[in-house]
Structure formats: structure tokens, C-alpha cells
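Worksheet: one structure, shown below.
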Amino acid sequence: MSEERKATLTVDGKSVDFPVMKGTHGNDVIDIRTLGGKTGYFTYDSGFLSTASCQSHITFIDGDKGELLYRGYPIEQLAEKCNFLDVAYLLRNGELPNAAQKADFEKTIRRHTLVHDQLTRFYNGFRRDAHPMAVIVGVAGALSAFYHQGMNYSLVEHRDVCFQRIIAKIPTIISLAYRYTTGLPFMYARNDLDYAANFMYMMFGVPCEEYKVNPVLSRALDIIFILHADHEQNASTSTVRLAGSSGANPFACVAAGISCLWGPAHGGANEACLRMLEEIGDVSRVGEYINRSKDKNDSFKLMGFGHRVYKNFDPRAKLMGKVCADVLAELGLENDRLFKLAQKLEKIALEDDYFIEKKLYPNVDFYSGIVQKALGIPTSMFTCIFALARTAGWLAQWEEMITDPEYKIGRPRQLYVGAARRNVPDISKR
Ligand code: CMC
């Protein structure tokens with residue numbers, strides 16, 4: 001019988017034991033759930049630098065090795081051998097689909113791409129120049145108004161339908177946001193196309209002529225989806241879990257995830273990175289911007305660089321660099337000004353002592369903006385592409401949480417440092 005490991009903490013001269021929990025890979029954790037009851041203290045870990053918020057079977061990151069596994073499979077192999085729907089299936093079910101399951105899942109997703117016609121009227125309520133992330137937060141959340149009554153998420157069949165609906169409809173919702181902004185007519189999916197090709201068709205097709213899919217470009221988009229599908233307990237996933245922990249509707253939880261993802265420190269980095277490259281404009285100004293990013297008195301950061309977990313390299317960035325080169329070659333854009341600028345910036349930053357010391361490497365968003373721009377996706381839509389892909393991870397994580405027998409509503413504690421108790425003075429004395 002294996003011996004149970006313990007960690008002993010001395011609090012106010014008294015020793016208290018806590019169980020140590022072991023994972024498959026990665027850091028073991030000290031189970032401090034009983035700390036408050038045993039000692040009267042809480043832990044303080046603002047920003048969750050050392051806190052495991054849950055147990056999960058889904059994704060593992062080794063930040064030092066630069067490794068990312070979905071259900072144990074390396075991201076490089078998944079990007080080479082699978083499509084995004086295989087990965088979405090894997091994240092949720094724990095195993096890759098066999099041939100029959102794959103055919104069945106792909107068919108089901110194709111048959112759920114339409115949105116209720118009433119939902120398409122929501123778009124008219126937005127300004128035409130609204131940021132598309134603002135639009136999709138609203139419209140994805142509004143799906144809860146269509147799929148709430150009669151759903152019981154403790155039943156696996158209801159969770160099945162929910163997963164299928166979200167995965168199938170999110171590309172439609174995002175492409176409609178783009179079409180609304182541009183004033184182009186809404187396009188609905190074609191059932192003869194695969195998931196990524198369909199998204200490109202809904203974005204760029206027009207009713208008056210045939211849309212020809214470029215397989216190199218649609219595969220590139222599919223790989224972007226795979227690379228962004230999940231990333232363990234990042235800010236948006238933790239947001240989805242926290243929202244879902246109260247038993248909230250899953251479509252509303254996805255809207256919460258989209259809101260969190262929008263920020264420039266998270267999914268908004270690809271948009272910010274491209275805007276930064278455009279602002280730098282020329283290789284001759286790279287040094288100036290590198291210096292600004294190192295200046296403590298300047299809030300400027302090199303977008304697409306650094307990561308909370310990866311302290312060696314982001315394996316997704318390597319794959320994205322390759323996808324970027326393939327797409328630019330396919331389009332004859334090898335000498336693209338921003339691509340050249342990005343390569344130069346990457347090289348200079350990687351040789352700079354500041355970036356070496358702080359272990360700052362390009363992350364997935366460094367090249368993804370350039371690829372998306374080459375695919376014709378407007379800059380303001382980049383984070384929507386990330387949201388589309390991450391929906392698969394959010395839903396898998398939400399389901400893992402609500403089916404976990406140990407699950408409780410998330411309720412962090414705090415260290416209160418505000419005013420001490422005091423009495424309300426009369427208005428004449430304020
Ligand atoms: N440029 C310049 N300095 C940086 C950068 C950067 N991009 N990133 C971190 N640093 C510095 C930071 O100022 C700090 O310096 P010091 O030790 O002197 O205070 C040190 O490196 C550690 O950084 P941190 O901000 O404490 O690290 P964090 O783990 O809290 O933040 C991060 C990680 C991703 C938010 C941050 O690196 C960043 O803002 N990067 C730019 C935005 C970006 O590319 N985000 C996309 C992340 S990947 C996509 C995703 O999964 O969402």
C-alpha cells in the first residue's frame with residue numbers, strides 16, 4: 001500500500017498536517033481545504049501564482065519543457081493528424097473518435113449550424129461599428145434565452161445537445177457579427193464543407209457567386225483552431241468554471257469566457273500584436289520599441305511575448321510560425337512587410353538580456369495575427385477566432401466541473417484591508 005504523503009505547516013507554534021495530492025505530471029499539490037477550519041488562517045495568492053483551483057483530466061502544460069498535451073496527446077501530433085472537430089471531441093470525451101464516431105459527430109455538427117431566425121435580429125440592436133467581441137458576448141449569451149427551459153444539465157443527453165449546439169453555432173454567430181459590421185448579407189453554412197472551410201465560406205462567400213475553398217488556407221485556420229482549443233485553467237477558462245459553478249446556463253458561461261478572453265493580456269493579444277507591428281512600421285524602429293518594453297516607466301509591453309506558464313517556449317508559437325510561413329507561401333506573400341518585421345523583432349528580443357533573464361518568448365499570438373490577416377480576417381475579428389476555438393475547451397472544462405462529485409460553488413476568500421468598523425456620521429459632520 002502506498003504511503004499517504006503529508007505536508008506539515010507550523011502555524012502559531014502548532015504543527016498541522018495536510019495531505020499531498022499527486023497528479024499524472026507536473027507539480028504535486030497540498031490540499032489546504034481544511035486550513036481555515038484547522039488554523040483560522042486563509043492562504044493569500046492573488047493572481048493564482050501557486051494555486052491549483054481544481055483537478056482536471058483535460059489539458060497539461062509543462063511550462064519549462066514547452067509541452068502542451070490535450071488528454072495526454074502532444075499538440076504537435078494533434079495539429080498534424082487531426083482536425084479541430086476531432087480535438088473538440090477529444091477534449092470533451094477523453095478519447096479521439098473512431099471512424100464511425102468521427103463521421104457521426106461531424107454530421108451532427110453540420111446539422112446544428114443554423115441559429116434561430118429570431119437570434120439574427122439581435123445584430124440589428126448593435127452599432128455597425130461595435131467591436132465584434134462586444135457583439136459575440138451579447139449574442140452567445142443570448143443563446144441561453146433560446147435553450148434554457150426544459151434543459152437539465154445533470155443528464156448526459158442534455159449536455160450532449162448543449163455541446164453540439166455551441167460548437168456548431170459559434171462559427172455562425174461570429175461570421176454573422178462580421179457580416180453585420182461590413183453590411184454584407186448573412187450567409188448560412190454549406191453542409192458539403194468541413195468546419196473550417198464552412199467558417200471561411202460564411203465569412204467571405206457571397207450569394208451571387210460560387211465560393212472556392214483554398215484547402216491550404218482552410219487547413220491553416222483549422223490548425224489555428226486546434227492550437228487555441230484549450231489551455232488548462234487560464235483566465236477565461238477559470239471564468240467559465242466560476243460562472244458555471246453556480247449552476248448558471250452554459251451559454252451564459254461561454255459569454256462570460258468570451259468577455260474575459262477579450263482583454264489584451266489574454267486573447268486580445270493577437271489583435272494588440274498586429275496593431276503593435278503596424279505601429280512599429282519599419283525594421284529600423286524595432287530597437288526603440290524593445291527599449292520601451294524594458295522601461296519600467298513605460299506601460300508598453302511587447303505584445304505576443306511572455307506567458308504565465310511557458311518559461312521556455314510556447315509550443316503553439318512554433319507551430320504557428322510554420323503555419324504562417326505556409327500561408328504566406330501559398331499566397332505569394334513571403335516578403336510581407338509585417339512578417340519580416342515580426343521575424344526581426346523576434347530575433348532581436350530573443351537575443352536581448354532582458355528577455356532572456358525574464359524568460360520571455362513569443363507566445364501563440366505572436367504569429368497568429370499575421371496568419372489571420374493573410375487569410376483576410378480583419379484585425380478586430382482576431383480574438384473572435386480565438387473564442388471560437390476556445391469554446392471547445394470551455395465546454396469540456398465546464399462539463400468536467402459540473403459532473404465532479406466534489407464540485408462546489410467557487411467562492412474565494414480575501415484579506416480585507418479597508419476601513420476598520422466605524423459609525424456613519426451625521427451629514428453635517430461629513
Ligand atoms: N514585454 C516586456 N516585458 C514583459 C512582457 C512583455 N511582453 N511580459 C512580461 N514582461 C516582464 C514584466 O514587466 C515583469 O517584469 P518585472 O519582473 O521587472 O516586474 C516580468 O516580465 C514578469 O512578467 P509578469 O507580467 O509578472 O508575468 P505574468 O505571468 O503575470 O504575465 C503575460 C504574463 C502574458 C500577461 C505577460 O507576459 C504579457 O502581458 N504579455 C503580453 C501580452 C500577451 O502576449 N498575452 C498573450 C498570452 S498567450 C495567449 C493566451 O493564452 O491568452
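Note that ligands are numbered from 1 as they come in the structure, with each ligand's atoms numbered from 1 the same way.
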Verdict with supporting geometry, Met151 and Asn249, side-chain contact (heavy atoms from CB on, under 4.5 Å): CA-CA 9 Å; Met151 296 309 280; Asn249 179 287; over 6 Å; no

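- Here's the thing with Lys311: none of its N/O atoms is less than 3.5 angstrom from an N/O atom of ligand 1.
- Among all protein heavy atoms, the one lying closest to atom 24 (P) of ligand 1 is Lys301 NZ, 4.7 Å.
- Below 3.5 Å of separation, one finds no N or O of Asp365 facing any N or O of ligand 1.
- At a 3.5 angstrom cut-off on N or O pairs, Val364 does not count as close to ligand 1.
- Residue contacts with ligand 1, taken as heavy atom pairs separated by less than 4.0 Å, do not involve Asp314 at all.
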Audit row: Arg5, Asp28, salt bridge (Lys or Arg N to Asp or Glu O under 4.0 Å) steps and yes/no: CA-CA 10 Å; Arg5 284 170 62 210; Asp28 294 343; 2.8 Å; yes

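- Under the 6.0 Å distance and 45° angle rule, Lys38 counts as a cation-pi partner of Phe18.
- Comparing Ala269, Cys273, Ser299 against atom 43 (C) of ligand 1, the shortest heavy-atom distance belongs to Ala269.
- Partner Phe305 forms a ring-ring contact (aromatic ring centres under 6.0 Å, His included) with one of Phe355, Tyr361, Tyr367 and no other, that one being Phe355.
- Under 3.5 Å, the side chains of Gln233 and Arg241 contain a donor-acceptor pair of N or O atoms.
- Remark: ligand 1 and Phe355 share no N or O pair separated by less than 3.5 Å (distance only, no angle test).
- Protein heavy atoms are found less than 4.0 angstrom from atom 9 (C) of ligand 1.
- The option with the heavy atom closest to atom 41 (C) of ligand 1, from among Phe366, Phe300, Phe305, is Phe305.
- For atom 45 (N) of ligand 1, the closest heavy atom belonging to the protein is Ala265 O, 3.2 Å.
- Below 3.5 Å of separation, one finds an N or O of Tyr354 facing an N or O of ligand 1.
- The ligand atoms of ligand 1 that sit less than 4.0 angstrom from a heavy atom of Gly304 are 43 (C), 44 (O).
- Within the cation-pi definition used here (under 6.0 Å to the ring centroid, within 45° of the axis), Arg159 does not qualify as a partner of Tyr153.
- The single protein non-hydrogen atom nearest to atom 34 (C) of ligand 1 is Gly306 O, 3.6 Å, given as residue, atom name and distance.
- Only one option out of Arg92, His57, Gln55 pairs with Glu400 in a side chain to side chain donor-acceptor pair (under 3.5 Å); it is His57.
- Residue contacts with ligand 1: Leu302 is placed with a nitrogen or oxygen under 3.5 Å of a nitrogen or oxygen of the ligand (distance criterion only).
- The protein does not reach atom 26 (O) of ligand 1 closely, with no heavy atom under 4.0 angstrom from it.
- A centroid separation of 6.0 Å or more is found between the aromatic rings of Tyr211 and Phe204.
- Between Tyr310 and His231, the ring planes are tilted. Angles from 30° to 60° get that label.
- Heavy-atom separations between Lys294 and ligand 1 are all 4.0 Å or longer.
- Side-chain contact, Thr43 with Asp45: no donor N or O sits under 3.5 Å from an acceptor N or O.
- With respect to the salt-bridge test (charged N to carboxylate O, under 4.0 angstrom), the residues Asp222 and Arg219 qualify.
- Scanning the protein heavy atoms around atom 2 (C) of ligand 1, the nearest turns out to be Ser293 O, 3.5 Å.
- Nearest protein heavy-atom contact of atom 47 (C) of ligand 1 is Asn363 ND2, 3.6 Å.
- Shortest contact from atom 14 (C) of ligand 1 to any protein heavy atom: Lys358 CD, 4.3 Å.
- A cation-pi contact, defined as under 6.0 Å to the ring centre and within 45° of the axis, links Lys318 to Phe313.
- Using a 4.5 Å heavy-atom threshold, the side chains of Lys81 and Glu76 count as separate.
- The ligand atoms of ligand 1 that sit less than 4.0 angstrom from a heavy atom of His266 are 46 (C), 50 (C), 52 (O).
- At the shortest separation from atom 18 (O) of ligand 1 among protein heavy atoms lies Lys296 NZ, 2.7 Å.
- Not a single protein heavy atom sits closer than 4.0 Å to atom 22 (C) of ligand 1.
- Salt-bridge annotation for Glu279 and Arg275: absent, with no side-chain N of the basic residue lying under 4.0 Å from a carboxylate O of the acidic one.
- Among all protein heavy atoms, the one lying closest to atom 30 (O) of ligand 1 is Arg308 NH2, 3.0 Å.
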